[in-house]
Amino acid sequence: MTELATHEFWQEIHNPGTFPSGGDVSSCFVAELEDGRQLRLPVRVLADGQHALASLIINQASFAVLDVLAQSLAEKLKSFHVDVVAGLPTLGLTLAAAVAQKLGHTRYVPLGTSRKFWYRDDLSVALSSITTPTQQKRLYIDPRMLPLLEGRRVALIDDVISSGTSIVSGLQLLSGCGIEPVAIGAAMLQSRRWCATLDAVGSQWRERTVGVFSTPMLEITETGMWRRPAA
């Protein structure tokens with residue numbers, strides 16, 4: 001497979017079978033949607049040097065790729081009869097807005113990490129993620145947005161669910177407002193680490209979580225390539 005420059009990833013959805021999948025990879029992982037279409041993702045090596053993950057930065061994706069992922073996720077969420085979409089910052093906001101449009105909504109509710117002067121500290125929780133592990137952030141909801149969520153069927157959207165910590169922060173924030181989402185959605189479910197994290201806060205969350213596609217934790221080989229772990 002031809003090596004890609006960093007700006008060339010996540011720019012095109014390819015037809016099924018365009019690239020081989022399932023074998024060892026070096027810097028490019030081929031993810032497959034349920035219909036077999038393919039999306040090339042960069043491999044990001046984790047701190048231990050022995051494991052890696054396929055990465056998706058959705059606000060750097062082409063509009064065409066965003067459109068496909070948003071449409072696919074919206075289709076998966078239709079069975080939950082979602083009234084309103086809430087998006088997690090920062091990258092989840094791009095996908096959440098697009099999904100809300102695909103569902104026929106006129107707006108969505110963005111959660112945020114920037115505290116406006118009218119925000120309330122009691123409507124915030126600590127936030128961490130795999131891509132910003134050392135930053136101390138808080139997740140806020142604009143109190144003026146609460147009437148859009150209260151008593152409605154809410155879907156909580158992020159771009160990628162990896163460790164699950166960001167989603168749990170979102171659930172805790174909404175729970176503090178008396179809101180329990182009917183669904184959690186993402187473009188990519190990255191490995192399976194998120195399962196235990198969500199299980200710890202409620203047995204209902206795993207079955208309410210949907211993604212457009214999944215990618216595994218990769219392990220280094222003796223030749224320095226990356227492969228899926230043995231089943």
Task: Spatial distance of atom CG (L41) from atom OG (S55) [nearest 0.5 Å] - done: 7.5 Å

Open item on the list: Does R152, at its CZ atom, have more than 12 non-hydrogen atoms belonging to other residues, nucleotides or ligands within less than 6.0 Å?
Closed with: yes

- [ ] Check the pair R138, T113 against side-chain hydrogen bond (donor to acceptor under 3.5 Å, both in side chains), reporting the backbone distance first and the verdict last.
- [x] CA-CA 6 Å; R138 293 196 70 79; T113 56; over 6 Å; no

TODO: Might you work through the side-chain hydrogen bond (donor to acceptor under 3.5 Å, both in side chains) test for S175 and E180, ending with a clear yes or no?
DONE: CA-CA 6 Å; S175 177; E180 181 174 300; over 6 Å; no

- [ ] Using salt bridge (charged side-chain N to carboxylate O under 4.0 Å, His left out) as the criterion, list what pairs up with R120, not counting sequence neighbours.
- [x] D122

Open item on the list: According to salt bridge (charged side-chain N to carboxylate O under 4.0 Å, His left out), who are the partners of E8, at least two apart in sequence or on a separate chain?
Closed with: none

TODO: Could you pull out the closest heavy-atom pair between T209 and L189, with the gap in Å?
DONE: CG2-CD2, 4.1 Å

Open item on the list: Under 4.0 Å between a side-chain nitrogen and a carboxylate oxygen: does that hold for D67 and K102?
Closed with: yes

Task: Linked, directly or transitively: L123 and L171 (ILVMFWY side chains, under 4.5 Å) - done: yes

Task: From OG1 (T18) to CD (E12), nearest 0.5 Å - done: 8.0 Å

Task: Side chain to side chain, E34 and V212, heavy atoms closer than 4.5 Å - done: no

TODO: Evaluate the ring planes of H14 and F19, with Trp represented by its six-membered ring, and classify them as parallel (under 30°), tilted (30 to 60°) or perpendicular (over 60°).
DONE: perpendicular

TODO: Flag the pair D199 and R206 as a salt bridge only when some basic side-chain nitrogen lies within less than 4.0 angstrom of an acidic carboxylate oxygen.
DONE: yes

- [ ] Could you check L111 against D142 for side chain to side chain contact (heavy atoms under 4.5 Å, CB included), going step by step and ending with a plain yes or no?
- [x] CA-CA 7 Å; L111 308 181; D142 188 329; over 6 Å; no

Task: Shortest non-hydrogen contact between S166 and D158, atoms and distance - done: CB-OD2, 3.9 Å

Open item on the list: On a heavy-atom basis, which atom in L53 and which in S191 lie closest, and how many Å separate them?
Closed with: CD2-CB, 4.2 Å

Open item on the list: Starting from L174, can I reach Y140 by hopping between I/L/V/M/F/W/Y residues whose side chains sit under 4.5 Å apart?
Closed with: no

TODO: Would you name the heavy atoms of P16 and R37 that are closest together and state the gap between them?
DONE: CG-N, 3.8 Å

Open item on the list: With a 4.5 Å cut-off on side-chain heavy atoms, are I161 and I184 touching?
Closed with: yes

Task: Partners meeting salt bridge (charged side-chain N to carboxylate O under 4.0 Å, His left out) with R115 (sequence neighbours left out) - done: D121

- [ ] Might you point out which heavy atoms bring F9 and C28 nearest each other, and give the distance in Å?
- [x] CE2-SG, 3.8 Å

Task: With I157, the side chain to side chain contact (heavy atoms under 4.5 Å, CB included) member among L93, V82, V85 - done: V85

- [ ] Grab the two heavy atoms, one from V30 and one from R40, that are nearest each other, plus how far apart they are.
- [x] CG2-CG, 4.3 Å

